[in-house]
Number of protein chains: 2
Amino acid sequence: MRSTISMVDRTVKNPYPVRMARPRSFDEKQVLNAVREQFWDAGYAATSLEDLMRVSGLGKGSLYAAFGDKRQLFLRALHSYTDDSHGHLRKALSEAPRALDALRMLLEAPIDDPTGAGTRRGCLMANSTCELGNADPEVLDHAHRTYETSTALIGDCVARAQREGDLPAGADPIALARALLAAQQGLVFMSRTGLDTATLTATARSLAAQLLPDHSGD
Amino acid sequence: MRSTISMVDRTVKNPYPVRMARPRSFDEKQVLNAVREQFWDAGYAATSLEDLMRVSGLGKGSLYAAFGDKRQLFLRALHSYTDDSHGHLRKALSEAPRALDALRMLLEAPIDDPTGAGTRRGCLMANSTCELGNADPEVLDHAHRTYETSTALIGDCVARAQREGDLPAGADPIALARALLAAQQGLVFMSRTGLDTATLTATARSLAAQLLPDHSGD
DNA sequence: GGAGTTCTTGACCGTGCGGTCCACCATAAG
DNA sequence: CTTATGGTGGACCGCACGGTCAAGAACTCC
């Protein structure tokens with residue numbers, strides 16, 4: 001029942017790839033990216049395992065062995081999405097020469113066409129919340145924490161803009177951050193309905209102008 | 001092959017309920033309401049025919065005979081939703097003593113708990129767009145037209161507020177309407193993530209204050 | 001090379017789905 | 001009452017889905 005001869009100490013000497021054997025023929029990150037795109041395009045329910053196999057190039061067995069069932073795979077993809085989003089957000093907010101510019105970009109950037117498809121398919125996190133929020137508490141909870149993190153990041157940037165004299169110093173940074181986030185989500189959503197880019201851009205500028213009034217002259 | 005004796009002229013004399021026979025045992029409107037609630041709670045894909053039978057109290061045959069397949073039933077429910085929404089919007093915007101109050105309510109009202117559940121389940125039109133927008137052009141198109149109508153209604157109200165001296169006269173009513181609609185959608189969406197009501201209300205007030213500055217003193 | 005282990009492939013399974021159909025019912029007209 | 005007609009309910013169907021499994025391939029270590 002206990003140690004059947006060998007297969008024992010190996011975990012001690014080389015715990016991670018216990019014995020190695022056949023290596024994986026795929027890159028987990030790439031698979032996760034492909035799967036994420038698929039979920040993003042079609043949503044959770046409308047994505048079948050066959051779709052996931054197609055876009056990942058893996059068989060069912062490999063997918064299940066590596067990620068568990070469909071839901072877990074989806075959650076992994078969702079987490080990778082929010083992680084990346086926060087990475088980009090952090091970068092954009094910190095690298096901008098002036099914090100105010102970064103905040104304005106927050107509203108206008110989603111309109112631009114980075115990959116050609118633009119924001120026509122919206123935000124994966126938002127889509128997932130809409131589709132699964134009522135049914136899957138874990139998705140809802142993740143959404144909640146994600147938006148809290150975003151709020152904090154934006155709040156920091158607002159505070160910086162205040163220190164740089166570009167925004168009124170009196171306002172609560174977090175409150176403004178929430179307003180900006182709501183405005184951005186609203187814009188991304190309206191883009192989903194097929195509103196033309198010009199109108200969308202104009203609306204973004206209008207919101208930016210009213211939520212982020214130029215204060216540099218003070 | 002042609003006229004088998006009777007069954008002929010009846011359509012001429014009484015074309016609508018041709019022969020009447022057994023009348024329907026359900027009210028189409030009530031069924032549509034029940035079905036709409038179900039789709040609203042669970043989304044399109046996550047709602048099974050069994051769910052629809054349960055909430056409507058009808059058998060499959062009756063549902064299919066009356067509404068066609070699941071998708072058509074959904075579209076009917078969606079249209080009834082947007083029709084009602086526009087009705088409420090029209091009423092709220094026209095009945096308010098001052099247009100500015102109505103516009104503020106636009107942002108703050110969704111937070112209040114009208115039915116107890118509040119906006120935790122969001123807006124059916126928005127949810128549907130997120131879930132089906134990429135796959136069903138008809139849903140997308142309906143979303144587009146719906147938001148255009150909403151924009152027009154809100155734009156009218158903005159114009160009225162301008163005439164009443166509560167908003168700066170120079171601004172484009174439609175542009176402000178779009179900004180307000182985006183802000184509202186963003187708020188409703190953030191409410192879906194489980195943000196507490198107090199924070200939500202504060203954000204709504206903050207947005208209202210910045211997008212609808214008090215101009216009555218001018 | 002042999003042994004051991006993991007990864008891969010794809011056939012297979014049970015289930016629950018959307019959708020169809022038909023026997024039965026309730027009603028209106030004659 | 002009889003007859004025609006549309007409504008009703010549920011049995012039934014085929015299918016595609018998510019998920020399992022076993023046999024073989026690929027690799028490391030000895």
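Lettering follows sequence order; numbering is per chain, from 1. Nothing here was measured: the structure is a model prediction, and the numbers come from that model.
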Hey, can you pull the donor-acceptor pairs under 3.5 Å for the side chains in residues 87-97 of chain A, sequence neighbours left out?
unit_1: A:His88; atom_1: ND1; unit_2: A:Asp84; atom_2: O; d: 3.4
unit_1: A:Ser94; atom_1: OG; unit_2: A:Arg90; atom_2: O; d: 2.9
unit_1: A:Ser94; atom_1: OG; unit_2: A:Lys91; atom_2: O; d: 3.2

| said: I need the full list of ring pair (Phe, Tyr, Trp, His ring centres under 6.0 Å) pairs touching residues 181-204 of chain A, with sequence neighbours left out, sorted by first then second residue. | reply: A:Phe189-B:Tyr147
| Sorted by number, the residues of residues 44-55 of chain A with heavy-atom contact under 4.0 Å to DNA chain D | A:Thr47, A:Ser48, A:Leu49, A:Glu50
| Between residues 62-79 of chain B and DNA chain D, which residues have a heavy-atom gap below 4.0 Å? |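 The stretch gives B:Ser62 as the residues lying under 4.0 Å from the strand, ordered by number.
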Interatomic spacing from [atom1] in [X] to [atom2] in [Y] - rounded to 0.5 Å:
| X | Y | atom1 | atom2 | value |
| --- | --- | --- | --- | --- |
| B:Leu107 | B:Ser206 | CG | OG | 10.5 Å |
| B:Leu106 | B:Leu207 | CG | CG | 12.0 Å |
| A:Leu176 | A:Cys157 | CG | SG | 10.0 Å |
| A:Asp196 | A:Ser191 | CG | OG | 10.5 Å |
| B:Leu75 | B:Lys70 | CG | NZ | 12.0 Å |
| A:Leu187 | B:Gln185 | CG | CD | 11.0 Å |

| message | Between A:Asp156 and A:Arg160 (salt bridge meaning N to carboxylate O under 4.0 Å), is one present in this structure? | response |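 The answer is no: the pair does not qualify as a salt bridge.
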| query | Is there a donor on the side chain of B:Lys60 or the base of D:dG9 sitting less than 3.5 Å from an acceptor on the other? | reply | no
Identify the pairs formed between an N or O of the protein and an N or O of nucleotides 22-24 of chain D at a distance under 3.5 Å, and give each distance.
none

| field | Between P of C:dC7 and CG of A:Leu58, the distance in whole Å | value | 12 Å
Under 3.5 Å, which donor-acceptor pairs link side chains of residues 49-61 of chain A to any protein atom two or more places apart or in another chain?
unit_1: A:Asp51; atom_1: OD1; unit_2: A:Arg54; atom_2: NH2; d: 3.0
unit_1: A:Asp51; atom_1: OD2; unit_2: A:Ser48; atom_2: N; d: 3.0
unit_1: A:Asp51; atom_1: OD2; unit_2: A:Ser48; atom_2: OG; d: 3.3
unit_1: A:Ser56; atom_1: OG; unit_2: A:Leu52; atom_2: O; d: 2.7
unit_1: A:Ser56; atom_1: OG; unit_2: A:Met53; atom_2: O; d: 3.4
unit_1: A:Ser56; atom_1: OG; unit_2: A:Leu58; atom_2: N; d: 3.1

